[in-house]
There are 2 protein chains.
Amino acid sequence: MIMVYVLTADPPEIKTGPVAVTIKDVARAAGVSVATVTRALSMPDVVRAATRERVLETAKTLGYQPNRAARGLITGRTGNLGLLVPDLANPFFPGIVKGVQARAHEADHAVFLADTDENPAAEAGLVRKLAKQVDGVVLCSPRMPEAELRALAADIPIVLVYRRIPGTPSVTAAFLDGMRQAISHLTALGHQRIAYVAGPRSSWANRERVKSLRAVGRDVAGNGSPAGRASAEGKVSAAAKCELVEMGSVTPTFEGGVAAADGVLAAGVTAVIAYNDLVALGLLHRCAARGVRVPGDLSVLGFDDIPLGAMVHPALTTVALPKGPAGRAAVDLLLQERKEKRELPTQLIVRGSTGPAEG
Amino acid sequence: MIMVYVLTADPPEIKTGPVAVTIKDVARAAGVSVATVTRALSMPDVVRAATRERVLETAKTLGYQPNRAARGLITGRTGNLGLLVPDLANPFFPGIVKGVQARAHEADHAVFLADTDENPAAEAGLVRKLAKQVDGVVLCSPRMPEAELRALAADIPIVLVYRRIPGTPSVTAAFLDGMRQAISHLTALGHQRIAYVAGPRSSWANRERVKSLRAVGRDVAGNGSPAGRASAEGKVSAAAKCELVEMGSVTPTFEGGVAAADGVLAAGVTAVIAYNDLVALGLLHRCAARGVRVPGDLSVLGFDDIPLGAMVHPALTTVALPKGPAGRAAVDLLLQERKEKRELPTQLIVRGSTGPAEG
DNA sequence: AGCACGGATGTAAAGGTTTTCAGCGCCATA
DNA sequence: TATGGCGCTGAAAACCTTTACATCCGTGCT
């Protein structure tokens with residue numbers, strides 16, 4: 001009887017969990033140095049075709065995945081992005097997050113999400129914590145003080161979403177044009193006295209909307225004379241005279257809208273533009289409770305186009321702000337390191353909550 | 001005249017951006033070795049008190065923050081968590097995400113978010129990609145095939161949210177009890193024929209709800225005889241006889257609810273329980289469009305308690321499932337490496353969409 | 001023939017941290 | 001007076017990758 005003993009250098013080791021296969025393993029298996037492996041993977045043109053093939057092949061069969069931490073240690077780039085939103089429960093943000101997330105994954109980046117629970121004070125700290133682990137962060141921060149923002153931007157690559165400050169890349173939307181579409185729509189329906197219920201004064205988006213409102217207001221000012229200059233995108237029909245009344249700022253929530261409703265109803269207007277959809281929904285809710293017909297007695301128009309707006313009855317007419325595209329654009333800016341301000345288009349979506357002025 | 005030249009080893013270098021202060025810098029400044037610094041920071045009891053003080057002091061003044069990548073390289077732990085949700089735009093998920101995120105930050109962990117866009121096929125791949133960069137992942141994946149899930153769980157630490165499979169830690173909610181509360185509420189209002197519109201058959205949550213429904217159904221079965229055993233949480237009033245009719249499965253969306261509405265209205269029921277709030281909202285919407293009074297003609301009851309439900313008119317009665325707490329619990333399980341199944345309580349929230357049966 | 005050059009590959013350092021091991025001084029015990 | 005142990009600290013290895021530098025060889029030129 002002949003016994004054959006096979007001696008192997010590596011005893012048949014029992015591995016639990018996923019085996020971490022390193023670049024060294026690939027190098028050994030392919031019979032090259034680690035340097036060649038890394039070159040084959042990231043500078044394919046500098047290594048001989050035959051070698052490259054062999055390396056790539058073994059890498060694949062071994063299931064090699066570079067260790068990003070190790071890579072980051074030396075390159076300084078992590079392949080990760082940070083994303084900070086004030087409140088994920090606000091239905092405006094998930095769309096942006098999805099956009100960021102999708103684009104980042106396309107570019108083979110992972111994204112850290114941080115939700116600050118509407119606490120602007122905590123934001124800067126959070127970003128700095130993240131800073132070490134990411135190549136840049138996209139920041140949705142309507143309320144953070146500009147100085148703080150600027151300091152942050154000096155330290156790490158940032159792109160702002162729905163906020164603009166000098167010298168920092170950002171992506172926003174054409175609020176002015178949106179507002180023009182909104183008011184144009186309402187005046188075309190015969191409304192001559194329109195309320196705007198404002199959001200938080202500290203919010204960039206609100207300031208911007210008020211600015212737009214007033215700009216459009218000048219065009220349709222009460223005297224009924226056509227505004228002199230034509231706007232690029234077509235301007236509000238100036239034949240209709242129209243009065244805009246701004247109403248005190250509310251929290252940008254459903255509750256804010258509910259609270260504002262009675263004031264709006266007392267203001268003698270036939271239409272109202274809300275700071276955002278959430279506020280508009282609040283208005284709608286209170287109107288329903290008080291038996292005010294929408295759009296019969298009051299037309300309601302929102303901003304944002306949150307999914308919710310299409311689900312209520314009557315469905316909400318709103319100025320749609322790009323969310324996914326904004327997120328994607330932000331990631332693009334970040335990855336291309338372009339210090340650029342991008343402005344995305346807005347679009348009025350007419351649904352059931354606006355109608356002809358009655359009376 | 002005497003000129004003094006001071007030669008320094010380091011020319012006054014101009015640094016742009018944040019200076020990365022390393023453990024070496026701290027060690028030099030404190031006059032100790034790097035080993036002592038790391039010990040002072042993470043094994044405080046093994047270093048002499050005076051030394052520890054000095055090191056901690058200098059670390060703070062220098063603003064030292066350990067480089068997590070480097071640490072992870074050697075310890076194998078990253079201090080990061082992964083979180084995977086099927087669709088962030090579904091208002092059920094932001095609450096969970098917020099919970100996960102909040103708890104993770106408390107534990108000084110950052111979280112990677114991945115949204116799979118309702119594509120169960122892509123999920124496993126995503127998780128594996130993340131796997132290298134995280135210590136574990138919390139998985140909201142109602143649809144991923146169980147086999148795949150199991151394979152995943154074998155490779156990396158996982159905790160499931162709102163899904164349960166053998167041998168894997170998970171956090172879910174007391175569906176059965178919730179269903180009991182719901183039906184109890186409806187029968188108390190005098191409803192004797194109640195529809196359930198089911199969600200996707202492939203969804204664990206739907207299977208679970210159907211199971212609960214049938215279990216409760218046995219208790220209140222048409223013969224009107226009281227069920228024998230009392231349930232722990234108080235049981236459905238068995239005096240009322242009640243018939244449950246299950247209706248075909250729909251997509252778990254607003255549109256799904258809209259589509260299901262006409263069938264429900266044709267089924268001769270006075271109340272309907274929807275798979276989730278989104279579906280319930282769809283029902284509500286279609287009812288409003290058809291002039292069906294809610295709750296007068298039909299009582300509508302949802303599951304989940306998404307914020308939206310409180311904003312519509314009439315506001316939605318619903319079985320609230322914990323979202324933030326579920327996220328937090330999931331993180332706890334993950335970090336404590338406890339292979340445990342946790343079941344959170346559910347609670348009926350009565351709002352305006354349910355009322356006494358008429359006729 | 002000698003030389004420079006360029007292509008392909010290997011060697012080694014570097015990046016920041018943790019951990020193992022060794023060293024040192026000192027006290028208690030034998 | 002040795003010896004052992006203990007408390008504290010430092011040196012160096014290790015983690016995995018990328019990159020700067022060195023090596024080797026063949027080719028074309030002077």
Side-chain angles (χ1 to χ4, degrees), chain A residues 15 17-59 62-80 108 129 131-135, chain B residues 15 17-56 58-59 62-80 108 110 129 131-135:
Chain A
K15 311 203 175 182
V19 198
V21 32
T22 76
I23 200 174
K24 224 181 246 177
D25 300 324
V26 178
R28 198 177 320 127
V32 297
S33 72
V34 290
T36 301
V37 176
T38 198
R39 279 191 282 252
L41 290 170
S42 50
M43 331 158 68
D45 44 336
V46 69
V47 48
R48 198 161 49 111
T51 316
R52 188 195 328 139
E53 283 312 305
R54 187 157 35 100
V55 171
L56 261 37
E57 179 62 23
T58 42
L62 261 51
Y64 170 69
Q65 295 275 107
N67 178 324
R68 301 185 89 141
R71 170 184 295 175
L73 199 52
I74 181 148
T75 61
R77 318 199 73 247
T78 61
N80 296 329
D108 205 33
K129 253 195 168 166
K132 295 281 181 352
Q133 304 199 69
V134 300
D135 296 338
Chain B
K15 309 203 175 180
V19 197
V21 32
T22 76
I23 198 174
K24 224 181 248 177
D25 300 324
V26 179
R28 199 177 319 129
V32 296
S33 73
V34 291
T36 300
V37 176
T38 197
R39 278 191 283 251
L41 290 170
S42 50
M43 331 160 65
D45 44 335
V46 69
V47 46
R48 195 163 51 113
T51 317
R52 186 193 332 137
E53 283 311 305
R54 187 155 36 100
V55 170
L56 262 36
T58 43
L62 261 51
Y64 169 68
Q65 295 277 107
N67 179 324
R68 301 185 88 139
R71 169 183 296 173
L73 199 52
I74 182 146
T75 60
R77 319 198 75 246
T78 61
N80 297 329
D108 204 32
K129 253 196 166 166
K132 296 283 182 347
Q133 305 200 67
V134 301
D135 297 337

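Below, chains carry the letters A, B, ... as their sequence lines are ordered, and counting in each starts from 1. The analysis underlying the following values was restricted to heavy atoms, covering all of them including side chains, and did not include hydrogens, waters or symmetry mates.
With hydrogens and angles left out, the side chain of A:R71 and the base of C:dG15 share no donor-acceptor pair within 3.5 Å.
The CZ-P distance, from A:R68 to D:dT18, rounds to 11 Å in whole Å. We find that CZ of A:R48 is positioned 18 Å from P of D:dC24, with the value rounded to whole Å. One atom, CG of A:D25, and another, C1' of D:dT17, lie 13 Å apart when rounded to the nearest Å. Rounding to whole angstrom units, CG of residue B:L73 and C1' of C:dA14 are separated by 13 Å. Across the protein-nucleic acid pair, B:N67 atom CG and D:dC16 atom P stand 16 Å apart, rounded to whole Å. Protein atom CZ of B:R77 is 16 Å distant from nucleotide atom C1' of C:dT19, rounded to whole Å. Rounded to a whole Å, the CD atom of A:Q133 is 16 Å from the P atom of C:dG16. D:dA11 atom P lies 12 Å from atom NZ of B:K24, rounded to whole Å.
For the atom pair A:K132 NZ and A:N80 CG, the distance stands at 15.0 Å (nearest 0.5 Å). Here A:R71 contributes atom CZ and A:L73 contributes atom CG; the two are 12.5 Å apart, rounded to the nearest 0.5 Å. The OG1 atom of B:T78 sits 8.0 Å away from the CD atom of A:Q133 when rounded to the nearest 0.5 Å. Distance check, rounded to the nearest 0.5 Å: CD of A:E53 to OG1 of A:T58 gives 10.5 Å.
Taking the side chain as every heavy atom from C-beta outward, B:N67 and B:T22 never approach each other to under 4.5 Å.
Distance from the side chain of A:T36 is smallest for C:dT9 among the nucleotides C:dG16, C:dT9, D:dG10. Candidate nucleotides D:dT18, D:dG10, D:dC16 were compared by shortest atom distance to the side chain of B:S33, and D:dG10 ranks first. Looking at the side chain of A:A35, the nearest of the listed nucleotides C:dT11, C:dT18, C:dC21 is C:dT11. Each of C:dG16, D:dT17, D:dT9 was ranked by its minimum atom distance to the side chain of B:V47; first place goes to D:dT9.
A:T75 comes within 4.0 angstrom of the backbone, heavy atoms only, and of no base.
Using a 4.0 Å cut-off, some side-chain N or O of A:T51 falls inside it from OP1 or OP2 of C:dT9.
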